[in-house]
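Everything on this sheet refers to the single structure shown next.
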Amino acid sequence: MMSPGMVFPAKRTTAQANTPDAETPANNRTTAQQLLPVQQYASEVAEFLRTHKSASVVIIVSDTGSGKTTQIPQILTDKIFDDYFGGPKRKIAVTQPRRVAAVSVATRVAQEFGCKLGEEVGYSVRFDDMSNPQTKIKYMTDGMLVREAQTAWMLEEYNMIILDEVHERSLHTDVLLALTKKASVRRRKFFDRQDKEACAPLKILLMSATMDIERMRTFWKDAPVLYIPGKTFPVTIKYMPAPVDDYTHTAMVAVFQIHREEDPGDILVFLTGQEEIEEMVRRCRQVAKSLPPQQANIQFVPLYAGLTNEAQMRAVSQTAASAHNGHATMRKVIISTNVAETSITIPGVKYVIDSGRAKHKVFTSATGMEVLKVEKISQAQAWQRTGRAGREQAGVCYRLYTEADFNCWPQHPIPEILRCNLSTVLLQVVEMGIEKPLAFPFFDRPEEENLQAAVDQLEWLGALTQKVESGDLVVETTADGKLMAQFPVDPKYARCILRARAHRCTEELLTIVAMLSSDSPFINPAASRTAAAAAHEKFSSNEGDHVVLLNVWRAFRDQKKGNVKASRAWASQNYINLRNLERAEKVRNQLREVCVRKKIDLSSCGGNTTAVRRSLSEGLFMSAAERLPDGSYITVDTRQTVFLHPASCLFKTKPACVVYGTLIRTAKLYVRELCLVEADWIDAVGKEYFLAMRQRMAEKLAGKTTSAAVVAEKGETSDAMEVDGKNADSVI
DNA sequence: TTGTGGTGT
């Protein structure tokens with residue numbers, strides 16, 4: 001067992017500049033604490049907006065705690081709404097990357113505004129719309145606004161779109177950056193030329209933390225910028241004098257050092273994942289047992305998104321200030337993933353310990369492969385973590401890396417739009433009437449290869465057609481594509497639903513696709529793994545994991561005829577996560593509504609699971625794999641060696657041919673969410689696709705005679721290719 | 001024979 005030791009030099013008294021906002025001229029910390037900075041600057045904000053009344057885009061920059069999200073929309077409605085916008089008065093949309101934020105901010109603003117939530121001030125998030133036609137300020141998730149744009153891409157319902165937390169660069173915020181840019185130009189032209197009563201110009205307000213402002217100004221042709229100081233307290237930064245190998249161990253030593261030497265205040269530790277966190281919590285509790293009685297006032301709580309709401313609440317709720325051991329107060333140590341970076345705010349934190357790492361998902365369009373790996377975070381993320389120590393009082397951030405290391409890290413994380421499968425977004429954008437998706441004004445343009453891969457994939461799925469007109473790629477959605485765009489799921493699953501019409505099993509496919517859109521219904525607690533596996537056995541199938549999901553759903557639905565209590569008991573006995581199933585139910589209802597609206601036949605196949613598998617094969621044919629003699633598999637299109645994931649119900653039976661939902665590299669290159677299919681089915685639906693892929697591979701190989709290409713030709717694993725410093729993408 | 005960073009329609 002480790003012994004608590006000293007990892008950091010003695011306490012330094014000088015507070016260093018803590019966040020980038022300390023450098024902005026407007027920043028000072030002598031503000032009256034009862035007022036939010038924006039309230040103090042209200043007249044300046046109003047003046048700024050009035051001065052730039054003719055600008056279609058303005059930028060407001062501010063860090064945590066300025067109150068910009070709650071106050072600025074109110075300033076717009078209170079002070080200048082009447083004369084600020086030309087044309088008829090409609091709504092202000094304020095987008096948020098997270099639903100909880102949209103809901104909670106709207107609730108607070110409705111109170112301040114003195115109206116009932118859902119009237120002048122409201123919100124709109126998936127499954128929950130609290131707004132009406134008279135709503136003036138509508139908080140919404142960015143994804144929700146993208147959805148709305150699909151039917152009205154010029155966003156005529158709004159006078160102004162406020163994009164909040166732009167610096168986070170969420171996928172949908174990036175889509176909106178491009179879309180609103182296009183819409184504002186079009187609306188301006190429309191307004192100038194035509195009926196001024198029918199359509200007002202569209203104003204855009206970007207709200208961001210202090211970063212990347214110059215690039216943003218360039219993108220928006222020198223948009224005016226207003227800086228507002230945030231309200232945070234100074235945070236002292238302490239770096240490691242030398243690099244550490246074992247950051248978990250170092251984090252533990254730091255925790256106990258702080259506990260021994262520093263003032264009261266909770267500690268927030270940033271690690272990378274559930275397993276690592278549970279392990280550290282366990283070891284900390286062990287060490288705490290041997291602390292002297294006067295130091296026993298310490299407790300450890302894990303925090304990650306996979307926890308139940310109750311467990312998350314336990315981590316977030318304020319430490320009971322009640323005396324412990326007669327006099328000392330309890331110190332709480334929250335050991336968390338990056339969920340505590342932005343999504344969850346924890347009161348009472350005075351110390352942050354930052355491992356400097358996080359798990360990131362990387363997607364490769366050429367192979368459809370995902371990798372989830374631990375990587376160094378960006379400087380912006382490090383500042384975000386640091387800021388968590390200064391919300392209520394001055395704090396300290398212990399960085400488990402050297403200053404020299406930190407200075408070498410990238411300034412910003414890679415935006416999501418550059419590291420995800422673009423097919424869903426692309427179909428949405430095309431359905432808005434954007435015919436030349438390669439010319440869409442992305443703030444950060446995805447690699448053309450990735451965009452083209454998404455276009456190709458959508459074409460193979462029958463969602464669109466593409467052609468080249470005077471050098472530009474022009475695409476158009478097909479009738480099926482228009483239907484597919486209606487479903488809020490990956491287009492390949494939308495295609496499965498559409499194919500289910502022919503096989504008379506749309507009800508079953510709705511269930512399966514809804515279940516795939518939600519987190520797994522299975523709970524596998526480490527302590528009772530055998531019991532859980534035994535309980536799950538009754539849902540098993542030799543036809544694949546999709547049929548297993550269907551079985552779970554049917555059991556759940558039959559249970560639901562009973563009462564809530566019975567439902568809970570059933571879930572607990574069967575190691576089933578009820579929350580995830582209830583979410584799947586909501587998704588299913590939404591998908592079903594799309595079918596009703598679009599007059600898509602709803603039919604059920606009963607026990608005929610062949611029809612179900614056939615439908616799946618026709619949407620997932622691009623993700624097919626065949627068994628090799630040694631029990632491994634090879635993907636039919638890109639000829640990569642892959643392995644069935646051991647958690648799949650087909651792991652043992654190893655059928656000759658499967659389609660899969662995801663291809664992910666962890667210990668090996670695994671395929672998951674497997675469905676047993678006949679090779680004939682795949683050939684029938686994917687013949688042209690496989691021919692085209694084979695031809696493309698041959699062309700690439702002809703052009704490249706590197707050893708990597710030869711290895712790829714033999715169908716070796718991409719491991720072998722990586723030895724050459726290449727990967728499968730470079731040869732396919 | 002494995003494993004789930006985090007969002008969202």
Side-chain angles (χ1 to χ4, degrees), chain A residues 95-102 124-129 140-151 165 168-176 270-278 303-307 336-344 355 357-362 370-375 377 381 384 413 415-417 419-420 424-425 427-428 431 485-491 493-494 513-514 517-520 522-526 529 532-533 577 580 583 586-587 590-591 593-594 631-632 643-648 650-652 654 662 664-672:
Chain A
T95 69
Q96 296 292 320
R98 284 167 290 279
R99 15 182 317 136
V100 269
S124 177
V125 298
R126 192 182 191 183
F127 309 129
D128 193 5
D129 183 1
M140 59 205 300
T141 43
D142 50 9
M144 200 68 194
L145 189 57
V146 171
R147 247 312 130 187
E148 283 189 5
Q150 235 175 275
T151 47
E165 315 286 9
E168 287 189 25
R169 305 295 309 281
S170 80
L171 177 63
H172 292 123
T173 293
D174 263 23
V175 171
L176 290 169
F270 284 100
L271 297 184
T272 68
Q274 173 176 343
E275 204 176 356
E276 195 178 71
I277 285 165
E278 293 292 357
L303 180 62
Y304 44 87
L307 287 173
S336 174
T337 60
N338 43 7
V339 73
E341 219 173 85
T342 49
S343 304
I344 298 179
S355 66
R357 287 165 179 81
K359 277 191 187 173
H360 292 283
K361 200 181 256 175
V362 183
E370 292 175 356
V371 185
L372 190 64
K373 61 177 172 187
V374 173
E375 281 178 332
I377 57 174
Q381 282 172 288
Q384 184 70 34
E416 194 180 1
I417 199 158
R419 54 182 172 84
C420 73
T424 306
V425 158
L427 182 57
Q428 284 182 320
E431 187 48 17
Q486 298 297 313
F487 292 97
V489 299
D490 188 313
Y493 292 123
V513 171
S517 302
S518 317
D519 290 332
S520 166
F522 298 116
I523 303 172
N524 291 299
R529 210 176 299 163
N577 184 326
N580 291 351
R583 201 196 128 78
K586 282 186 185 169
V587 175
Q590 196 178 33
L591 299 178
E593 278 167 26
V594 173
S632 67
F643 297 88
L644 302 192
H645 196 280
S648 167
L650 297 182
F651 178 70
K652 282 182 185 151
K654 298 218 181 330
T662 49
I664 185 160
R665 169 174 292 287
T666 50
K668 285 178 178 176
L669 193 51
Y670 286 112
V671 286
R672 296 193 312 205

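Side-chain atoms are counted along with the backbone in the values below, which use heavy atoms only and exclude waters and symmetry mates. Naming: A, B, ... by sequence-line order, numbering from 1 per chain.
- A:His360 is linked by a ring pair (Phe, Tyr, Trp, His ring centres under 6.0 Å) to nothing, counting only residues two or more places apart in sequence or in another chain.
- Of the possible donor and acceptor atoms, one in the side chain of A:Arg99 sits under 3.5 Å from a partner among the backbone N and O of A:Arg126.
- Residue-level contact check: A:Leu372 touches the bases, meaning some heavy atom is under 4.0 Å from a base atom.
- If you walk DNA chain B from 5' to 3' and mark each nucleotide with an atom closer than 4.0 Å to a heavy atom of chain A, the marks span B:dT1 to B:dT9.
- A side-chain donor-acceptor contact under 3.5 Å links A:Gln384 to the backbone of A:Glu341.
- Heavy atoms of A:Ala305 sit under 4.0 angstrom from primed sugar atoms or phosphate atoms, though from no base atom.
- Looking at heavy-atom distances under 4.0 Å, A:Glu168 makes no contact with the nucleic acid at all.
- Residues A:Arg126 and A:Gln274 each lie close to DNA chain B; by heavy-atom proximity, the contact nearer the 5' end of the strand is made by A:Gln274.
- Between A:Glu168 and A:Arg98 there is a salt bridge, with a side-chain nitrogen of the basic residue lying less than 4.0 Å from a carboxylate oxygen of the acidic one.
- Residue order along DNA chain B, read from the 5' end via each residue's closest nucleotide, puts A:Thr666 first among A:Gln428 and A:Thr666.
- Note on A:Tyr670: only backbone sugar-phosphate atoms sit closer than 4.0 angstrom, heavy atoms only; bases stay farther off.
- Within 4.0 Å (heavy atoms only), A:Ser343 reaches sugar-phosphate atoms of the nucleic acid but no base atom.
- Within 4.0 Å of A:Val125, counting heavy atoms only, lie sugar-phosphate atoms of the nucleic acid but no base atom.
- Proximity of a side-chain donor or acceptor of A:Thr173 to a complementary backbone N or O of A:Arg169 within less than 3.5 Å is not detected.
- Across all strands, A:Asp519 comes closer than 4.0 Å to no nucleic acid atom at all (heavy-atom distances).
- Across all strands shown, A:Arg672 has heavy atoms under 4.0 Å from sugar-phosphate atoms exclusively, and none from any base.
- The line from OH of A:Tyr304 to CG of A:Asn338 is 14.5 Å long, rounded to the nearest 0.5 Å.
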